[in-house]
There are 2 protein chains.
Amino acid sequence: MAHLQAQEIRPYHHGDLSRALIQAGRRILEVGGPAALSLRAVAREAGVSPAAPYHHFKDKCELLEAVAKEGWMELGSAVAKARASAPDARAALTNIGVAYVCFARDNPALYRTMYDGACDRATMPDHAKEDDSGWRHVREALIEAGADPAEERELELATIAAWCAAHGVAEMAGFKEFESLKTALGGEEPFVRAVLEHVGIFAAMSRPKIRA
Amino acid sequence: MAHLQAQEIRPYHHGDLSRALIQAGRRILEVGGPAALSLRAVAREAGVSPAAPYHHFKDKCELLEAVAKEGWMELGSAVAKARASAPDARAALTNIGVAYVCFARDNPALYRTMYDGACDRATMPDHAKEDDSGWRHVREALIEAGADPAEERELELATIAAWCAAHGVAEMAGFKEFESLKTALGGEEPFVRAVLEHVGIFAAMSRPKIRA
DNA sequence: CACCTATGTGAACGGTGTCAAGATAATCTT
DNA sequence: AAGATTATCTTGACACCGTTCACATAGGTG
């Protein structure tokens, strides 16, 4: 593999290495996938020694989280845009789902990194729930689609459900096994739309309540 | 970390090393998670040299796939049992979903390994679609719940949707952020049930068709 | 028995994450 | 401005990893 080349020569002190490292990380992620994303490779790509990153991130993990954070921000704004450009409330919900899945399709390595980010798997990724993340948009879209904002528990369950469904589709939509179905439906996006609608929550909002 | 100890002394030739390696892999997975699962650690745990596994698996990947295969088999039978023990067709569908998610909860590292298994992420895990895997059960349960077996495309979409939803819930149900909601709902399983039902497909089977 | 093949060992290679010690530059104090 | 302090980067080392190669050992077949 022709290794990516570092930019021009730089002074002893880089100036803004943390930012450069994050960008280098994303570049490597795009080119070589998560497997290629080693701390040393990132340092190499940024043109510094293998130990340099440790002055900005205590860990490899911490660097990955920084990369992941960028991903969450971008996912958040993609979701926001999708929601804004929908004709009505129910379409907004589906649009959000499609945008979510498309983001994962277009940035598969980044998306994986976003979920591995926690590195412990027992905690939701830090930035998934932040202010301008997708959560808020899903929640608000659900309300606009008819969910009762007073029933907090119901609303949270629906938000979780929508998020889970989108995540599941996002991780599986790329499988080759679905190729024929995709072409039969007219491409990738119609396929995603169809799956999301079959999942249910994206299509039918007001259902009879079910008690546990 | 107190390293796991190898079993008693063995003759020069192990007898059934591949099996032993797979078991060792699962043990390590349970104790230390996916991060601890190195080829060398597996060999150590099985009491052989680091190079020994290469006579049974061409790759680390191939070993992991063997471990994953065991997981898929067990997931398949868990799903089968859940389906069989349901009073009616619609309950069967939900039961399958709950069993799926519970399997992932009880074997988190194994479950992750099952999906990483392909090692390329563009292919569905090999054993996910095999004869006695969950796929068949979901499909059949959908039919029994009222899906038209003649509408192949519709059926495949519904199966995919159900699988995606279950997978999404499986990966996110463990997040700490949902703890309070879990206790409010009376435990882990009611929570999973509630989320699955909110996802939609597990609760409402016969909906008006939606055209792309 | 001799021979071949399957299965094990050992040592080695390059790659990885991480840390400690030292070099260098920017900044702060006086 | 000079000296001291702090932030940043480099070098070199350590243990671990996946993998390969040459060699050792055992089982099975002629």
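Throughout, a chain's letter reflects where its sequence line sits, starting with A, and its residues are numbered from 1.
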Rounded interatomic separation in angstrom, taking [atom1] from [X] and [atom2] from [N]:
| X | N | atom1 | atom2 | answer |
| --- | --- | --- | --- | --- |
| A/Phe57 | C/dG17 | CZ | C1' | 16 Å |
| A/Lys58 | C/dC19 | NZ | P | 10 Å |
| B/Leu17 | D/dT25 | CG | P | 19 Å |
| A/Tyr54 | D/dT11 | OH | C1' | 15 Å |
| A/Leu64 | C/dT16 | CG | P | 14 Å |
| B/Leu63 | D/dC17 | CG | P | 14 Å |
| A/Leu37 | C/dT16 | CG | C1' | 12 Å |

Output for pair (A/Asp16 CG, A/Gln23 CD), nearest 0.5 Å, gives 8.0 Å
Salt bridge present between B/Glu171 and B/Arg105 (N-O < 4.0 angstrom): no
Closer than 4.0 angstrom, basic N to acidic O: yes or no for B/Lys60 and B/Glu65? no
I want to confirm an ordering. Mapping A/Leu39 and A/His55 to their closest nucleotides on DNA chain C, which one lands closer to the 5' end? A/Leu39
Would you indicate, yes or no, if D/dC17 has its OP1 or OP2 atom less than 4.0 angstrom from a side-chain nitrogen or oxygen of B/Arg44? yes
Phosphate-side-chain proximity, B/Ser38 and D/dC17, N/O vs OP1/OP2 below 4.0 Å: yes
Nucleotide nearest [X] when distance is taken to its side chain, options [options]:
| X | options | value |
| --- | --- | --- |
| B/Arg40 | D/dC17, C/dT18, C/dT9 | D/dC17 |
| B/His56 | D/dC9, C/dG8, D/dT11 | C/dG8 |
| B/Ser49 | C/dT9, C/dG17, C/dC19 | C/dT9 |

Return yes if some donor-acceptor pair links the side-chain N/O of A/Lys182 with the main-chain N/O of A/Ala173 below 3.5 Å, else return no. yes
